[in-house]
Amino acid sequence: MWLLLAFILVPLIEITLFIQVGSLIGLWPTLAIVVLTALLGTVLVRTQGLQTLANLRQSMETGADPSRELAHGAMILFAGLLLLTPGFFTDALGFALMIPAVRDALFDRMAHHIVKSSVQFQSFGPRPRAQDSTIIEGEFEEVDPDSVPPRPGSRPSGWTRD
């Protein structure tokens, strides 16, 4: 129901704002504003998205809860979609979502709906030793060359003695 209402109301709001702004400042300035907000939105999404990705990577490395960074990333993505959509109302919502304090407030308001779970990985193999470039671990089995029949059309590879 809410989604249907949004699909009806948002275009009506955008059309109304286009008519109002266009009648105040003219067609070309209105179109220039729409294009400039899309370009500015692209730059903001890129910079804040990279910063959020760095924060997410840091929280994953330290074992901290990454839910805030994941939510920020999703909100930045949604803000980018809003900023690329032509219109003043969607641009206002998109720019509002680009403000970290607004994203924090939205996350705090919705945090009780987020279900958190954790996963721990455990290795059952031998513990890794210090890396030594002269040691190559592996298994081998000696095969008597005379006991292996040659394949048809095969020649010596050069790695073995003839």
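Hydrogens, waters and symmetry mates are skipped; everything else that's a heavy atom, side chains included, is used.
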How far apart are the closest heavy atoms of Gly94 and Ala79, and which atoms are they?
O-CB, 3.5 Å
Taking every non-hydrogen atom, the tightest pair across Leu12 and Ile8
CG-O, 3.3 Å
Evaluate the side chain to side chain contact (heavy atoms under 4.5 Å, CB included) criterion for residues Leu82 and Asp91: first the C-alpha distance (whole Å), next the side-chain angles of each, then the deciding distance (0.1 Å), finally the verdict.
CA-CA 6 Å; Leu82 289 172; Asp91 286 346; over 6 Å; no
Look up atom CG in Leu17 and atom CZ in Phe89, then write down how far apart they are to the nearest 0.5 Å.
8.5 Å
Residue list, side chain to side chain donor-acceptor pair (under 3.5 Å) with Glu69, at least two apart or on another chain
none
Regarding Asp104 and His72, is there a side-chain donor-to-acceptor distance under 3.5 Å anywhere?
yes
Taking NZ, NE, NH1 and NH2 as the nitrogens, is one of them in Arg103 or Asp108 under 4.0 Å from a carboxylate oxygen of the other?
no
Do Met60 and Leu70 sit in the same hydrophobic cluster, where Ile, Leu, Val, Met, Phe, Trp and Tyr count as joined when their side-chain heavy atoms come under 4.5 Å apart?
yes
Keeping to residues at least two apart or across chains, list the ring-ring contact (aromatic ring centres under 6.0 Å, His included) pairs with something in residues 17-45.
Phe18-Phe88
Tell me whether Leu36 is reachable from Leu31 by hopping between hydrophobic residues (I, L, V, M, F, W, Y) whose side-chain heavy atoms are closer than 4.5 Å.
no
List the atom of Gly87, the atom of Val34, and the distance in Å for their closest heavy-atom pair.
N-CG1, 4.4 Å
Using a 4.5 Å cut-off on heavy atoms from C-beta on, say whether the side chain of Leu97 contacts that of Leu106.
yes
CD on Gln20 to OG1 on Thr30, rounded to 0.5 Å:
11.0 Å
Contact between Leu81 and Thr90 at the side-chain level, heavy atoms closer than 4.5 Å - yes or no?
no
Joining Ile, Leu, Val, Met, Phe, Trp and Tyr whenever any side-chain heavy atoms lie under 4.5 Å apart, the cluster holding Val45 also takes in Leu40, Leu44, Ile76, Leu83, Phe95, Met98
Hey, what do you get for CG (Leu50) to CD (Gln48), rounding to the nearest 0.5 Å?
10.5 Å
